[in-house]
Amino acid sequence: MFGFGNEYEGLAFWLPLVWAGLLALAVAMYVVIDGFDLGVGILFTAARPGNWRDRMMLSVAPIWDGNETWLVLGGGGLFAVFSVAYAILLPALYLPIILMLIALIFRGVAFEFRFKAERSQVVWDNAFHYGSLTATFAQGMVLGAFVQGFQTEGRGFAGGTFDWLTPFSVMTGIGLVCGYGLLGATWCVMKTSGELEIWSRIKAKQFLIGTVISMAIVSAWVPFLGLHIQWRWFSWPNVLFVAPVPLLTAFVCWRIWKAIEDGREVAPFLLSIALFLLGFLGLAISLFPYIVPPKLTIWQAANATSALQFALVGYSVVMPLTLVYTAYAYWVFRGKIEENPNAASYH
């Protein structure tokens with residue numbers, strides 16, 4: 001369909017592919033680095049009030065808003081280069097996306113108000129926790145709805161308002177809560193010390209078990225969604241090429257458990273990131289090249305080649321700067337949080 005006979009055909013093939021990779025990178029960055037601070041929020045009300053909660057929030061307070069830059073890059077990029085997909089996905093997912101954004105607002109406000117509040121601090125503790133929990137669950141349901149696919153007619157969404165709400169999307173929502181909880185717990189292992197670190201190790205094990213069970217259920221469910229996914233994973237010789245993914249996933253899960261038990265501080269968090277990236281790779285294997293499953297590919301949804309080229313100029317500046325800023329922020333705020341910090345030091 002897309003040949004290499006002239007320059008236009010070459011660009012028409014490669015530019016959508018490049019953009020799909022860039023947007024996948026933006027989404028993966030968001031899931032990993034905003035995932036752990038949402039995970040800290042998921043853990044928040046289970047932690048001891050006072051010093052423990054102060055330290056947990058201080059561990060993410062200087063960087064959480066920068067993490068969400070990747071959400072903007074992914075959404076903006078989708079609109080700029082795959083506008084047909086944007087026009088289908090947004091109406092199909094309005095409700096969970098709005099729910100996610102409202103929850104993110106609540107948790108963002110909680111960062112500022114909690115440090116100043118005295119009598120109402122418990123209100124902002126709950127806003128931070130339930131905002132994180134709701135945003136994570138909504139993201140998981142969006143993921144589940146995306147994997148299930150969308151009913152389309154021509155270049156528009158033809159389904160119902162609640163097509164995204166299914167048993168499968170609820171399961172992916174629960175799975176993402178467990179996964180973000182694992183990231184948040186291993187982050188606290190890396191960033192805190194004393195009794196809080198010990199408690200975080202216990203929580204990390206619990207969320208790891210929940211993540212493994214959720215991944216197993218979702219993985220067993222996905223091939224039966226009718227999207228030719230079963231053929232991709234189980235047909236011959238495909239199975240030879242994709243078999244390393246579940247095997248590596250099982251190995252990484254074991255290494256996370258072992259690293260937690262061995263008292264490692266950084267390794268559990270890095271291995272948890274690796275687990276998420278393997279899950280992301282499995283999703284790509286299952287759905288590529290569809291950007292609106294089960295019908296619309298990245299080439300069918302791509303804007304004009306000239307528009308993709310123009311947008312790529314901006315992304316080639318913005319994305320590296322965002323990567324550099326992110327790396328610098330994490331370097332500046334590296335190390336563990338003091339056991340008796342000054343909560344006002346964030347401001």
Side-chain angles (χ1 to χ4, degrees), residues 11 14-41 58-82 85-86 100-101 104 107-108 111 132 135-136 139 142-143 146 176 179-180 182-184 186-188 190-191 248 252 265-285 288 291 298 302-303 307-337 346:
L11 288 175
W14 287 108
L15 278 176
L17 201 60
V18 169
W19 268 108
L22 290 174
L23 295 184
L25 174 61
V27 172
M29 287 292 293
Y30 173 76
V31 167
V32 169
I33 65 176
D34 202 40
F36 75 74
D37 75 61
L38 285 165
V40 170
L58 282 169
S59 73
V60 296
I63 52 177
W64 72 273
D65 45 356
N67 294 344
E68 294 184 353
T69 303
W70 294 98
L71 182 63
V72 178
L73 281 176
L78 182 68
F79 176 76
V81 300
F82 297 114
Y86 187 91
M100 178 192 73
L101 293 175
L104 290 175
R107 72 186 299 272
F111 272 102
S132 301
T136 301
Q139 289 178 18
V142 166
L143 173 62
F146 184 80
L176 196 63
Y180 280 5
L182 173 64
L183 283 174
T186 54
W187 170 263
C188 290
M190 184 174 67
K191 296 292 288 184
L248 275 173
V252 168
E265 295 181 346
V266 178
F269 180 65
L270 296 181
L271 287 167
S272 297
I273 291 175
L275 181 61
F276 262 80
L277 294 178
L278 284 168
F280 200 74
L281 177 60
L283 182 65
I285 292 171
F288 183 82
I291 193 168
I298 57 175
N303 292 350
L308 269 61
Q309 289 177 293
F310 179 77
L312 191 60
V313 174
Y315 245 67
S316 66
V317 175
V318 172
M319 185 166 275
L321 285 177
T322 306
L323 284 168
V324 170
Y325 160 78
T326 301
Y328 179 70
Y330 281 84
W331 173 256
V332 168
F333 295 104
R334 67 191 183 279
K336 289 184 176 286
I337 301 296
Y346 164 53

Item to complete: Carefully, step by step, assess L176 and F276 under the rule side chain to side chain contact (heavy atoms under 4.5 Å, CB included).
Response: CA-CA 10 Å; L176 196 63; F276 262 80; 4.0 Å; yes
Is it the case that atom [atom1] in [X] sees more than 12 heavy atoms from other parts of the structure closer than 6.0 Å?
{"X": "F288", "atom1": "CZ", "value": "yes"}
{"X": "F310", "atom1": "CZ", "value": "no"}
{"X": "F280", "atom1": "CZ", "value": "yes"}

How long is the gap from [atom1] on [X] to [atom2] on [Y], to the nearest 0.5 Å?
{"X": "L71", "Y": "M100", "atom1": "CG", "atom2": "CE", "value": "5.0 Å"}
{"X": "I285", "Y": "L281", "atom1": "CD1", "atom2": "CG", "value": "4.0 Å"}
{"X": "L15", "Y": "N303", "atom1": "CG", "atom2": "CG", "value": "11.5 Å"}
{"X": "L73", "Y": "T322", "atom1": "CG", "atom2": "OG1", "value": "5.0 Å"}
{"X": "L23", "Y": "W19", "atom1": "CG", "atom2": "CH2", "value": "6.5 Å"}
{"X": "T326", "Y": "W331", "atom1": "OG1", "atom2": "CH2", "value": "16.0 Å"}

Fill in: For L321, the option from V317, V324, V318, L323 that meets side chain to side chain contact (heavy atoms under 4.5 Å, CB included)
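Looking at V317, V324, V318, L323, the match for L321 under the side chain to side chain contact (heavy atoms under 4.5 Å, CB included) is V317.
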Worksheet item: Quick one: which of I33, D34, V32 gives a side chain to side chain contact (heavy atoms under 4.5 Å, CB included) with Y30?
Response: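 It is D34; the other options fail the test.
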Work out which heavy atom in [X] is nearest to a heavy atom in [Y]; give both atom names and the distance.
{"X": "P320", "Y": "Y315", "answer": "CD-O, 3.5 Å"}
{"X": "L183", "Y": "T186", "answer": "O-OG1, 3.1 Å"}
{"X": "L308", "Y": "P16", "answer": "CD2-N, 3.7 Å"}
{"X": "Y180", "Y": "V31", "answer": "CE1-O, 3.6 Å"}
{"X": "A311", "Y": "V81", "answer": "CB-CG1, 3.9 Å"}
{"X": "S132", "Y": "T136", "answer": "O-OG1, 2.8 Å"}

Practice prompt. Check the pair K191 / V60 against side chain to side chain contact (heavy atoms under 4.5 Å, CB included), numbers first and verdict last.
Written response: CA-CA 10 Å; K191 296 292 288 184; V60 296; over 6 Å; no
Item to complete: May I ask you to test the L38-R107 pair for a side-chain heavy-atom distance under 4.5 Å?
Response: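 Result yes, sub-4.5 Å side-chain heavy-atom pair found.
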Discussion item. With heavy-atom distances below 4.5 Å as the criterion, would you say the side chains of M319 and L22 are in contact?
Written reply: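 Heavy-atom side-chain distance check passes, below 4.5 Å.
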Practice prompt. Determine, stepwise, if the pair E68 / W64 fulfils side chain to side chain contact (heavy atoms under 4.5 Å, CB included).
Written response: CA-CA 7 Å; E68 294 184 353; W64 72 273; 3.8 Å; yes
Discussion item. For L78 and I291: C-alpha separation, side-chain torsions, deciding distance, then whether side chain to side chain contact (heavy atoms under 4.5 Å, CB included) applies.
Written reply: CA-CA 10 Å; L78 182 68; I291 193 168; 3.9 Å; yes
Worksheet item: Under the side-chain hydrogen bond (donor to acceptor under 3.5 Å, both in side chains) test, which residues partner W187, sequence neighbours left out?
Response: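 Listed in chain order: S59.
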